[in-house]
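Before any comments, here is the structure.
Letters A, B, ... are given to chains in the order of the sequence lines, protein chains preceding strands, and every chain is numbered from 1. Heavy atoms only: backbone and side chains are in, while hydrogens, waters and symmetry mates are out.
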Amino acid sequence: MATIQNIKGMRDHLPQAMLLRQHIVTTLQQVCERYGFEPLQSPVVEYAEVLEGKLGDDEKLIYRFEDHGGRRLALRYDQTVPLARVVAQYAGQLAFPWRRYAYGPSYRGERPARGRYREFYQFDADIVGSPSPLADAEIVALLSESLAALGFPDFVTLLNHRQIIGGIARISGLDETAAGGVYRAIDKFDKLGADGVREELLRSGVDPAAAEQILALVQIEGEPQAVLDELDARLANDERAVAAVVNLRAIVAALAGLGIPAARYTIAPRLARGLAYYTGLVFEAITPHWPEGSLLGGGRYDELIGQFAKRSIPTVGLAFGIDRLHDVMEQLKIGPQPTGTAVAFVTIFGPEQAQASMALASELRAAGLNTLLSLEPNAGLGKQFKEADRKGARFALVLGPDELAQGDVVVKDLRSGTQESVARGAVVEWIGNSLNLSTATP
RNA sequence: GUGCUUGUAGCUCAAUGGCAGAGCGCCUGACUGUGGAUCAGGAAGUUGCGGGUUCGAGCCCCGUCAGGCACCCCA
């Protein structure tokens, strides 16, 4: 007998969850298109070698398998590496800079936890083929507007730069290749505090003086300008870090120019991020209501696409975690709380009146109103009203013998409980007006 | 992948090793041609699954699957 259950870490999304998920995706899509992004979709399955060699340690989490022809395949780990493949493959057909968004599932063989699954949906947005700090700023602005549009009351985007983290490691006398443990320790600052990070640094072989220096740098906070001035001064001997500060200044200036409120972002030297392909700006959006992790993350990866294409194609982008956004919104009760998609429910008084009710439902649908038709001519009106209520329909319509004789329809507003007789020919208009009224004055 | 923890009706949870229960939900009816209120009835379970100990296991032991938490890492 087949096992009746879903795969660990992979979920079924029932209607109530799907309604919120679709709302999230639609909102993100609208914001993206407002910024001039175009849609892209690519397969979930890639040749394993396409994904290999780009992710560093995370590679062990890739789902791999062989197809019937013995080809080594893999489920995509994110949508960024497949994007790189697509860009390299179709470079001649794309107009750069290319702004694209993509939505779909990715797969990682991790231990599942709250907000973290083996099959998870991401909504990505990237600007391909521009090294300009304006591109970085557009991505961060897009992020900020998207979370605002979804109704997140408070979130902050932490901004940092790979070469600032690198500079912190270098100035402390560590060579870059051995600095992985340092990045990981730094990244835990918010969780472990200064003492915890110090302990972690010493354990990974950093000498005490260097550890103190790292801790001091990592704890710099304040207005973006002040933080950048401070980093500039302290990392003055490191050419690449200085360049990174200049880059971040340009990005922050552009964010101000784009009208993103200053409270929405901050320079955070402690932000590391694990993915190996980032080369410049890195960022994460966090909210105090979700201590488990970030809502989304991203950054600039100027060399990744070059691994597929013959020339380097600088790119910056981000990935929203739809499952995580959904979990947080559900917990915080933000966004719509829809119970269904129907506006109208057409009852059937009895077998004699069934044809008339069908015609009415058909007419409402033709007018673009989401309409449910009762499936039980022999059920009492009470039962049918109950169904209308549970499906979240706003209006229940009755076409009984009296109405048919008089040429009208009883329309009951299930939210207010009031009802009235409406001339048969005016029903669509009447419902339309009621909906407009109620959205104008909520 | 490692450690800890949980799994009982659709949901939230009770039940000293001794007859498996409650609330909510669900179904039927009382109510005029009408939901969400109230009242009266009803259905519902191989206690995640498989083994073991015991006269007797929801409870103890082993395994397994799934959820949660911590590590790891990230969306």
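- Across all strands, A:Gly115 comes closer than 4.0 Å to base atoms (heavy-atom distances).
- The stretch residues 383-393 of chain A touches RNA chain B through A:Lys383, A:Phe385, A:Lys386, A:Asp389, A:Arg390, each having a heavy atom within less than 4.0 Å of the strand.
- Of the residues near RNA chain B, A:Glu119 and A:Thr418, the one whose nearest nucleotide (by heavy atom distance) lies more toward the 5' end is A:Thr418.
- The CZ atom of A:Arg300 lies 9.0 Å from the CD1 atom of A:Ile139; values are rounded to the nearest 0.5 Å.
- Annotation: cation-pi pair A:Arg264/A:Phe155 present, NZ/CZ under 6.0 Å from the ring centroid and within 45° of its normal.
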Quiz item: RNA chain B in dot-bracket, Watson-Crick or G-U pairs under 3.5 Å, [ ] crossing, | other strand?
Solution: (((((((..((((....[..)))).(((((.......))))).....(((((..]....))))))))))))....

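- As judged by a 4.0 angstrom heavy-atom cut-off over every strand, A:Tyr121 is placed among residues making no nucleic acid contact.
- Taking 3.5 Å as the limit, the base of B:G33 and the side chain of A:Gln353 contain no donor-acceptor pair of atoms between them.
- Using a 4.0 Å cut-off between charged side-chain N and carboxylate O, A:Lys386 and A:Asp389 make no salt bridge.
- Across all strands, A:Leu295 comes closer than 4.0 Å only to sugar-phosphate atoms, never to a base (heavy-atom distances).
- In this structure, A:Gly109 reaches neither bases nor backbone, as no heavy-atom distance under 4.0 Å exists between it and the strands shown.
- Residue A:Leu296 is classed as a sugar-phosphate contact, given heavy-atom separations below 4.0 Å to backbone atoms only.
- Ion pairing between a basic and an acidic side chain is recognised when a charged N comes within 4.0 Å of a carboxylate O; A:Arg21 and A:Asp323 show such pairing.
- Judged by atom type and distance alone, A:Glu284 does not reach the base of B:A75 through any side-chain donor-acceptor pair under 3.5 Å.
- When heavy atoms are screened at a 4.0 angstrom cut-off, A:Lys412 is found touching base atoms of the nucleic acid.
- The residue A:Ala396 sits apart from the nucleic acid: no heavy atom pair falls under 4.0 Å.
- One cannot find a donor-acceptor pair under 3.5 Å joining the base of B:G1 and the side-chain atoms of A:Lys60.
- When the C1' atom is used for both B:C49 and B:G7, the distance is 11 Å, rounded to whole Å.
- For B:C72, its base sits under 3.5 Å from the side chain of A:Arg116 at one donor and acceptor pair at least.
- Inspection of the A:Gln384 and A:Ser374 side chains reveals an N or O donor paired with an N or O acceptor under 3.5 Å.
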